[in-house]
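What follows is one structure encoded as structure tokens, with my remarks underneath.
So that the names make sense, note that chain A is the first sequence line, chain B the second, and so on, each numbered from 1. Only heavy atoms go into these numbers, but all of them, side chains included; no hydrogens, no water, no symmetry mates.
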Number of protein chains: 2
Amino acid sequence: MNFSLDQLLAFQAAAESGSFSAAARRLGKAQSVVSTAIAHLEIDLGLSLFDRGGRYPRLTAEGERLLRDAQRILDDCRHLQALAGDLVGGTEARLTLAVDDESHLPWLDGLLADFAQQFPRVELELLFPLMDDLVHMLLEGRAQVGIGYEQIEPQRDITRHVLGRVSAPMVVAPAHPLARTSPVRREDLAHARQIALTARGQGTEGQPFQVSSQVWWVEGDPAVLELVRRGHGWAMVPDFLARGPLARGEIVEIHCEEPLALRCHSLELLWHRGRALGRAGQWMKAALLARGAALLAA
Amino acid sequence: MNFSLDQLLAFQAAAESGSFSAAARRLGKAQSVVSTAIAHLEIDLGLSLFDRGGRYPRLTAEGERLLRDAQRILDDCRHLQALAGDLVGGTEARLTLAVDDESHLPWLDGLLADFAQQFPRVELELLFPLMDDLVHMLLEGRAQVGIGYEQIEPQRDITRHVLGRVSAPMVVAPAHPLARTSPVRREDLAHARQIALTARGQGTEGQPFQVSSQVWWVEGDPAVLELVRRGHGWAMVPDFLARGPLARGEIVEIHCEEPLALRCHSLELLWHRGRALGRAGQWMKAALLARGAALLAA
DNA sequence: ATTCATCTATCTGTTTTGTAGATGGGTGCT
DNA sequence: AGCACCCATCTACAAAACAGATAGATGAAT
């Protein structure tokens, strides 16, 4: 690697402005500087980048090809500098967001798009751990911001803030027998197959919501929804997930005559009390608090 | 952009060797050079890359993140240098291969893989023009190497060399009536729908091979094959394309009692007599001549 | 054909930067 | 405490980058 960034910069400027003199003016340097820089670059690379036959230098075929690579290098350099500026300004290089379940992605989508625009150079990491893992990740610093349902035993180092409440209506496929007899009796529910949510580690999470004696335990609400859509049973599916399929008529809501222990949780924003968040993390936290509830409901 | 490539190089070497002194030894420079280079880089970026607390310097979190970008820049620089070396050594930066039809891709596949290994930095362009366009592309320098069927009127500037002969057996779906009565009579063929090849520009290419009065003209052999597979008629399909579906029983071959004007062409390698090929083009030409026939048949 | 504005290459002296080696202060292991 | 190794800093010197000036060349306008 014999050449220098200044040489590449002169190369790019000359190629773009069409003349060495114009490039020198643009770079605020003397013409001789650009001229020698390119001459040296040509010596280093062992070929000529410009055809000096005419009044204005013209890129050779090789020059044209190599220019693309040179531009990429310069772009990367600018990226490095900008990233360093970010870090100096307190923006972290990477933000890890731990979300209870990937079924939350749809309503997070717009927020993430804004984040990408606001912090183009921050690497966003999205993880979907189970509830307990989520808290551990925050405690260990593996993740900086978490979104999850309310915990049974709060940790003292974890700050929590309610984003909104998520209710889970009972739904069933339109062709399912239960769809015809709404409102249904509790016994009807108890004798039809229920698709209930479970978690990989702890098999007991969904037990308070078990109504039927025939249960299929399924990991993840999206999978639950899919099985309901295919008519395998009824389930309680979070509002924001059920909304689309309900509107399209792929599933229908059913009601029960008697009150049930309906799935209805607070969705909470979690972060570590001790660890300071960078600018990106602060933005994410503030944006979730400000718009999270609305997004969740919309 | 204040920093220099030497500084990035020192940064990388120091990060990899774990000490500034070791990096200096590796780079063949004095220790003070590495030390000041990194110090200046830190000033330019506005943050510290190493933690000098202990015996050995240790990357800070920011340094770790920025190192990745630095390495990418250096890799790109090495790529640029290697590419320049290629060009000096007579290897072209881009090779355009014009092939009569994309149906030839399967047997070209292995060859292209070898090419990628042999010339990792050469951009390969694959185009699939019609016969006449193919010759024009070679004449105009838009493509350097061509693969196509024998032409009616040879051009004096285009050199041709036979790669192999491609025969096109008559095939039909297993469920098709013609599949039951093989060998078939010419009248049977004439009264069943024929799927025949045509080209976008000139509608007459396939006319010598028209046997039936009911014809669907279709652009491209893969599309012809697909229609045959779906039982829409019979067709003459190039050997190397028909082989797989024949083996899987998706189509069957039929024979005619009387001799027909069967599709059987020489597949030729074409290049421009006047334009010198670079190393990559020469390799491609030689590889096709040496192994093309075998690949075509296998 | 000649003029003219503008281009590039090259030379010059000056300034800036890069460099090796030496020095001093520090760390961690024995 | 001794030792081996590390890093930052200083100094003097060599290499380079630099601005400005000059000369030759090009293409358009006169």
Minimum heavy-atom separation for Ala280(B) and Phe119(B), please, with both atom names.
CA-CZ, 3.7 Å
So His104(B) and Tyr149(B), would you call those rings parallel, tilted or perpendicular, with 30° and 60° as cut-offs?
tilted
May I ask you to say what Ser19(B) touches in the nucleic acid, namely base, sugar-phosphate or nothing, with a heavy-atom cut-off under 4.0 Å?
sugar-phosphate
Show your reasoning for whether side-chain contact (heavy atoms from CB on, under 4.5 Å) applies to Leu111(B) and Met284(B).
CA-CA 8 Å; Leu111(B) 204 69; Met284(B) 183 63 83; 4.2 Å; yes
For Leu5(B) and dG18(C), what is the distance between atoms CG and P respectively, to the nearest whole Å?
12 Å
Under the 3.5 Å rule, do the base of dC5(D) and the side chain of Arg55(B) count as making a donor-acceptor pair?
yes
Between CG of Asp44(B) and P of dG18(C) the distance, given in whole Å, is 10 Å
Taking CZ in Arg275(B) as the centre, count heavy atoms belonging to other residues, nucleotides or ligands within less than 6.0 Å. Is the count above 12?
yes
Is Arg58(B) touching bases, backbone alone, or none of the nucleic acid, heavy atoms closer than 4.0 Å?
nothing
Given DNA chain D, 5'-ward residue of the pair Tyr56(A) and Thr36(A), judged by closest heavy atom:
Thr36(A)
Using atom CG of Leu27(B) as one end and atom P of dT19(C) as the other, report the distance to the nearest whole Å.
10 Å
Any side-chain N or O of Arg52(B) less than 4.0 Å from the OP1 or OP2 oxygen of dC6(D)?
no
Do Phe50(B) and Phe20(B) make the cut of ring centroids closer than 6.0 angstrom?
yes
Base, sugar-phosphate, or nothing for Ser21(A), non-hydrogen atoms under 4.0 angstrom?
base
Under 4.0 Å: is that the gap between some side-chain N or O of Ser35(A) and OP1 or OP2 of dT8(C)?
no
Select one nucleotide: of dA20(C), dT8(C), dC7(D), the one nearest the side-chain heavy atoms of Pro57(A).
dT8(C)
Does Arg121(A) have more than 12 heavy atoms from other residues, nucleotides or ligands lying within 6.0 Å of its CZ?
yes
Return the value, rounded to whole Å, for the distance between atom CG of Asp51(B) and atom P of dG26(C).
17 Å
Protein-nucleotides 21-24 of chain C N/O pairs under 3.5 Å:
| residue | atom | partner | partner atom | Å |
| --- | --- | --- | --- | --- |
| dG21(C) | O6 | Ser32(B) | OG | 3.1 |

Looking just at side-chain N and O atoms, do Glu268(A) and Ser266(A) make a donor-acceptor pair shorter than 3.5 Å?
no
What residues, two or more places apart in sequence or in another chain, satisfy side chain to side chain donor-acceptor pair (under 3.5 Å) together with Asp75(B)?
Arg78(B)
Hey, does the side chain of Arg25(B) come within less than 4.0 Å of dC6(D)'s phosphate (OP1/OP2), counting only N and O?
yes
Check whether any side-chain nitrogen or oxygen of Lys29(B) sits under 4.0 Å from OP1 or OP2 of dT19(C), and answer yes or no.
yes
How long is the line joining CG of Leu41(B) and P of dG18(C), in whole Å?
12 Å
Leu49(B) CG to dC7(D) C1': how many Å, rounded?
15 Å
Could you tell me how far apart Arg26(B) (CZ) and dC6(D) (C1') are, to the nearest whole angstrom?
18 Å
Roughly how many Å is it from CD in Gln7(A) to C1' in dA16(D), rounded to a whole number?
11 Å
